[in-house]
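Both backbone and side-chain heavy atoms feed into the values below; hydrogens, waters and symmetry mates do not. Just so you know, ligand 1 is whichever comes first in the structure, and atom 1 is the first atom listed for that ligand.
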Amino acid sequence: MANTILIGAQWGDEGKGKIIDVLTARADIVVRSQGGNNAGHTVIHRGTKFVLHLIPSGILRRGKICVIGNGVVIDPIALVAEMDGLRRLGIKIDNNLLISDCAHLVLPYHRLLDEQRELRKGHVKIGTTKRGIGPAYGDKAARTGLRISDLMQPILFSKKLQAKIRENNSILAALGAEPISFREVNESYLAAGEKLRPFAGNTVVYLHRALERGKEILFEGAQGTFLDIDHGTYPYVTSSNTTAGGACTGPGVPPHRMDRVVGVMKAYTTRVGEGPLPTEDRQFAEMLHNLGREFGATTGRARRCGWFDAVATRYACMINGIDELAVTNLDGLDTVDPIRVCVAYRLSGKRLDVPPCDAAQLNNCEPIYAELPGWRKSTHSARKFSQLPAAAKDYLKYICKLTGAPLSIVSVGPARGQTIVV
Ligand code: IMP
């Protein structure tokens with residue numbers, strides 16, 4: 001297994017939760033590197049559906065240690081609620097969870113600012129999850145954020161929080177939003193902080209000691225390559241590094257300790273929120289939605305859907321150094337015939353093999369499609385690559401070849417068993 005970085009090779013929602021869960025079986029430690037409770041990783045464990053937002057999905061398996069690294073932004077109230085929810089479903093959380101004391105906090109004014117900024121943008125809004133992620137990372141970059149270590153020092157925390165709330169209340173007032181009560185936030189955050197205290201500490205040292213002992217670590221990425229703050233379809237992105245580099249900076253583990261990068265991609269393309277999606281196809285989306293597929297795990301929003309975009313995944317392969325590919329939702333194409341695959345873009349009469357940096361230009365790119373025959377058969381019960389219909393095998397080989405990495409896992413349904421290891 002070695003030390004593995006798992007990332008999304010598209011716009012998030014690639015079905016990473018399930019692949020993380022499959023790979024977790026062989027890992028000792030599972031680390032969340034970046035993002036916040038904007039993520040929603042769905043895992044079916046013992047017949048129950050779990051949607052994890054901040055806690056690594058390794059928590060569902062006995063004997064695994066889960067780490068929330070310093071690159072994550074944590075809403076302590078949401079984290080405590082997630083822990084309570086998991087415990088109610090019978091999941092043990094005690095010495096199997098560690099939280100970096102350097103992780104930044106998401107505060108109520110971040111959520112309100114997120115909401116206000118979106119409102120003000122009108123039709124050019126980002127379509128954020130409204131969890132306050134952008135403003136929280138904004139404070140981090142501006143060096144004005146509060147961290148878990150502050151929350152662990154109540155007197156200091158209250159002092160810093162009071163100043164931050166005063167500052168943000170004047171911004172919120174200017175935006176026409178209601179002010180926030182220092183007392184309420186202070187009380188609720190300190191109470192959540194006390195519940196998190198046993199888990200908070202220096203996770204960098206923990207991870208390095210574990211590496212010295214030969215432990216195998218899985219770094220689970222949240223969101224996807226094209227939501228990366230540096231490499232995504234800016235400004236329609238999230239505010240963290242969702243690409244492989246984020247798995248080093250987020251938890252503080254150097255690149256040379258990483259052994260492989262697994263890229264997860266759907267057999268087609270989806271995106272939630274606004275921004276360019278060159279292969280978007282409304283009819284295809286309607287078909288998937290009618291099957292009850294493609295609704296966001298965090299916000300419940302219907303995802304936008306399109307054909308597989310090999311220009312995007314090839315670029316993702318380059319940025320992340322993908323060694324192996326896991327293809328999910330193959331069964332979503334079971335009734336589709338023919339199946340389109342975008343092999344290049346056309347922009348102002350020119351053929352492009354890489355996505356342009358500018359979101360407006362990407363929006364104007366016309367996909368150049370190849371057409372492949374569908375298989376018109378259920379793939380749900382296939383457990384070996386050889387059991388897949390010939391057209392499905394050809395399709396998988398084709399999209400992996402275009403992307404530029406070998407196929408290692410195929411997912412044909414949400415359950416753990418509906419997984420083919422190639
Ligand atoms: P934010 O991360 O809430 O600021 O949202 C920024 C963009 O990233 C929006 O388009 C969101 O829909 C998208 N996004 C954030 N988290 C996820 C995720 O976990 N899956 C898919 N899209 C996401």
Is the shortest N/O to N/O distance between [X] and ligand 1 below 3.5 Å?
{"X": "T238", "result": "yes"}
{"X": "S239", "result": "no"}
{"X": "R301", "result": "yes"}
{"X": "R131", "result": "no"}

Checklist line | Structural part of N38 in contact with ligand 1, heavy atom criterion under 4.0 angstrom | finding: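 Both of them.
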
Notebook entry, point to check: Heavy atom under 4.0 Å from ligand 1: found in V237's side chain, backbone, both, or neither?
Noted result: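 Backbone only.
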
Next item on the list: Given salt bridge (Lys or Arg N to Asp or Glu O under 4.0 Å), test R303 with D13 step by step and report yes or no.
Entry: CA-CA 9 Å; R303 295 178 185 136; D13 299 333; 3.0 Å; yes

Quick one: nearest non-hydrogen protein atom to [atom], plus distance?
{"atom": "atom 20 (N) of ligand 1", "answer": "D13 OD1, 3.0 Å"}
{"atom": "atom 19 (O) of ligand 1", "answer": "A39 CA, 3.3 Å"}
{"atom": "atom 3 (O) of ligand 1", "answer": "T129 OG1, 2.5 Å"}
{"atom": "atom 10 (O) of ligand 1", "answer": "V272 O, 3.2 Å"}

Next item on the list: Salt-bridge test for D75 and R131: reply yes if a basic N is under 4.0 Å from a carboxylate O, no otherwise.
Entry: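 Salt bridge between D75 and R131, a charged N being under 4.0 Å from a carboxylate O: no.
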
Item checked: Salt-bridge criterion met for E371 and R340 (N-O under 4.0 Å) ->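 Result for this pair is yes, salt bridge flagged.
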
Checklist line | Side chains of E216 and N3, donor plus acceptor under 3.5 Å | finding: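 Absent: no donor and acceptor within the cut-off.
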
Enumerate the atoms of ligand 1 whose separation from the nearest heavy atom of [X] is less than 4.0 angstrom.
{"X": "T128", "answer": "1 (P), 3 (O), 4 (O), 5 (O), 9 (C)"}
{"X": "Q223", "answer": "15 (C), 16 (N), 17 (C), 18 (C), 19 (O)"}
{"X": "L227", "answer": "8 (O), 13 (C), 14 (N), 22 (N), 23 (C)"}

Next item on the list: Please assess R301 against T299 for the test side-chain hydrogen bond (donor to acceptor under 3.5 Å, both in side chains), listing each intermediate value before the final yes or no.
Entry: CA-CA 5 Å; R301 291 179 287 178; T299 58; 2.9 Å; yes

Notebook entry, point to check: ring pair (Phe, Tyr, Trp, His ring centres under 6.0 Å) with Y268: which of F308, Y395, F284?
Noted result: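 Exactly one candidate clears the test, F284.
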
Check: So with a 6.0 Å cut-off around CZ of R351, is the heavy-atom count from everything else above 12?
Finding: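 Correct, the count exceeds 12.
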
Check: Out of G36, G273, G221, G127, whose heavy atom sits nearest atom 9 (C) of ligand 1?
Finding: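 Considering heavy atoms of G36, G273, G221, G127, the nearest to atom 9 (C) of ligand 1 sits in G127.
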
Checklist line | Proximity of H289 and F295 rings by center, below 6.0 Å | finding: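 They qualify: ring centres under 6.0 Å apart.
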
Checklist line | S240 vs Q34, side-chain hydrogen bond (donor to acceptor under 3.5 Å, both in side chains): CA-CA, chis, key distance, verdict | finding: CA-CA 6 Å; S240 62; Q34 41 68 229; 3.0 Å; yes

